[in-house]
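Right, one structure below, let's go through it.
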Amino acid sequence: MPIKIAMIGAGSIGFTRRLMQDILGVSELQDTHFALADISQHNLDMVHKLCQRDIRENKLPAKVSATTDSRVAIQDADFVLCMIRQGGLEAFQGDIDIPLRYGVDQCVGDTICAGGIMYGQRTIPALLDLCRHIREVAKPGAIFLNYSNPMAMNTWACNKYGGVQTIGLCHGVQGGHWQIAKAIEGWAKKEGLISKKEKVDKKDVAIIAAGINHQTWYTKAIWRGRDMLPILLEAFRMHPDYSKTEKVRIDVLERFGHYSTESNGHLSEYLPWYRKRPEDIAKWIDLSSWINGETGGYLRVCTEGRSWFETDYPNWLKEPAPKIGPKNRSEEHGSYIIESLVTGRIYRGHFNIPNRNHITNLPNDTVIEIPGYVDTTGINMPVIGDLPLACAATCSVSARVQEMAVEAAVYGDVTLLKQAMLHDPLVGAVCDPEEIWQMTDEMLVAQAKWLPQYKKHIPAAKQRLADHVKNGTRVQLKTGHGAARLETKSVAQMTADKAAARKNAGAADKAHMTGKKK
């Protein structure tokens, strides 16, 4: 029987088509019904037409429908995939620009830190509505595969309060795995262990990674039967690219003894040490790519990608559809999980789930990222044991911030929201408590239309801000655009390199598989 997959937030330029093509690359799934849903009719129509074209030109029996009513899409669904960005680019702008006025300089702002915490406040109510629809109208036992950030907070809320089995999916582990393979390759050539022409592929290096999403640590890396963890610091330091682009990750590797899954820019904003003084940020980042630490870099490339897609869309429809097949699948977990559950083929990956004594020195219920395998019996996750103490300490701090942020989002608790901000590593390193209280009020007021759970609290937040101005107690705001911010390109500027603009617009995630090509 054909399965039905609801794709929520399907107006996403890259994710929807990428995941659909991956799923259709499995022969047993080529008659799948894809039910696309998005609150933007305009965005949905564009992606729907592209998906129809892709299916038609590949001569596949799959069906694709579109609706602005997520409940309709979820009706009788076997799986629900989510890639929403609640509030869109408008809210994202506030996640970056408002904290910057208080000295909080973020590269991405989608996981923790001020931007990630507010992103969770917007997204969690929307996801809990989706969970209600899944409970009420999806097929019994339907699984919720979530790609939306903040990954850990969202997955935590859905499992605890949504009543739906929710698995969080991210490709950070794969990206770092590629980097480890390339770093080992360079080291092995220097040591004369492989020839100058030989390559080390990701599949040649067995890894285990464990932690929390975007703070997951490689606790094993085995190449040709050899433990490579003691070699990684030397291998990364000598790599011609990573030695320049991954300075934060290499510094943490030196001090912790373990490499982090997440990019230089991401990691720098989760820790209290690398972005707290504007004059020091430049020594830790590299502007050859936004993901290496550019201020507001992800907001910039997302904005550019959407602008280019809107302009160039007619050309996308005219070009030949990409060839769909098993050789053209990406490394995104979603299609492999669905394939394994349907066919029984075993798949091993790293997934985000609630901790149930899997990592023994992190609190239970924390959403952790660990290896697991999938077959027709379900998604099976092993016990990892203890994380190395430094890694566990860092994850524990972030997990408690996430826990407070989840509870604040569910109950509309302003005090708990401010306490989450207060305990965030970078926010706490930069701001004093009164600055944090005022920054949070400003973000609540600016994003009120996406925060239904705080509706009754917004007038009081406005009044507090007005009173500070009236009484002269308003904290002094910072000026400038951040320590390392680049100008967002116009469509005219992007026209100079149409291929790069097209690649950016079509990427499922702008950080897609960092390290794979190097």
Side-chain angles (χ1 to χ4, degrees), residues 85 87-119 149-150 214 244-249 251 262-308 421 424-427 429-431 435-436 439 442-443 446-447 475-497 500-501 503-505 507 509-512 514:
R85 174 177 285 282
L89 294 175
E90 181 185 351
F92 191 9
Q93 188 88 41
D95 290 341
I96 299 299
D97 289 351
I98 295 173
L100 197 56
R101 295 201 286 267
Y102 292 82
V104 182
D105 188 311
Q106 303 166 98
C107 174
V108 185
D110 71 354
T111 300
I112 55 171
C113 208
I117 291 169
M118 287 306 297
Y119 195 6
N149 283 316
H214 291 177
K244 300 180 180 68
T245 62
E246 305 290 353
K247 293 177 184 177
V248 171
R249 293 169 92 178
D251 192 66
E262 209 39 62
S263 66
N264 199 71
H266 257 314
L267 185 60
S268 70
E269 66 187 0
Y270 306 147
L271 301 171
W273 312 305
Y274 301 102
R275 302 185 77 95
K276 67 179 180 179
R277 290 190 288 265
E279 62 272 20
D280 289 345
I281 290 176
K283 75 180 183 182
W284 292 111
I285 71 168
D286 171 85
L287 289 177
S288 62
S289 171
W290 73 269
I291 201 168
N292 301 332
E294 175 193 338
T295 300
Y298 193 48
L299 172 63
R300 177 181 64 81
V301 296
C302 287
T303 303
E304 291 174 355
R306 172 53 67 177
S307 296
W308 184 259
M421 293 281 192
D424 179 83
L426 181 57
V427 174
V430 171
C431 298
E435 290 170 331
I436 294 169
M439 178 184 71
E442 189 173 342
M443 296 184 83
Q447 301 189 12
V475 299
Q476 185 174 355
L477 301 180
K478 306 295 190 294
T479 58
H481 299 287
R485 197 160 198 174
L486 301 181
E487 177 190 359
T488 301
K489 295 176 184 175
S490 66
V491 170
Q493 289 171 318
M494 288 187 279
T495 302
D497 191 345
K503 183 178 180 181
N504 174 44
D509 187 290
K510 310 308 177 196
H512 189 61
T514 53

Please report the shortest heavy-atom distance between [X] and [Y], naming the atom on each side.
X: Ala484; Y: Asp105; value: N-OD2, 4.4 Å
X: Met439; Y: Ala114; value: CE-CB, 3.9 Å
X: Ala446; Y: Ile98; value: CB-CD1, 3.6 Å

If only side-chain N and O atoms count, and only distance matters, is there a donor-acceptor pair under 3.5 Å linking [Y] with [X]?
X: Asp95; Y: Gln447; result: yes
X: Glu442; Y: Tyr102; result: yes
X: Ser268; Y: Arg275; result: yes
X: Tyr274; Y: Asp251; result: yes
X: Asp286; Y: Thr245; result: no

Practice prompt. Kindly indicate whether the side chain of Leu100, heavy atoms from C-beta on, has any atom under 4.5 Å from the side chain of Lys478.
Written response: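 SC-SC contact between Leu100 and Lys478 ruled out.
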Fill in: Side chain to side chain, Cys113 and Val427, heavy atoms closer than 4.5 Å
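Heavy-atom side-chain distance check passes, below 4.5 Å.
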Item to complete: Inspect the contact between Arg485 and Glu294 and indicate whether a charged nitrogen and a carboxylate oxygen are less than 4.0 angstrom apart.
Response: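 Not counted as a salt bridge, because no side-chain N and carboxylate O are separated by less than 4.0 Å.
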Item to complete: Please check if atom CD in Glu279 has more than 12 non-hydrogen atoms from other residues, nucleotides or ligands closer than 6.0 Å.
Response: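 Atom CD in Glu279 is packed in, count exceeds 12.
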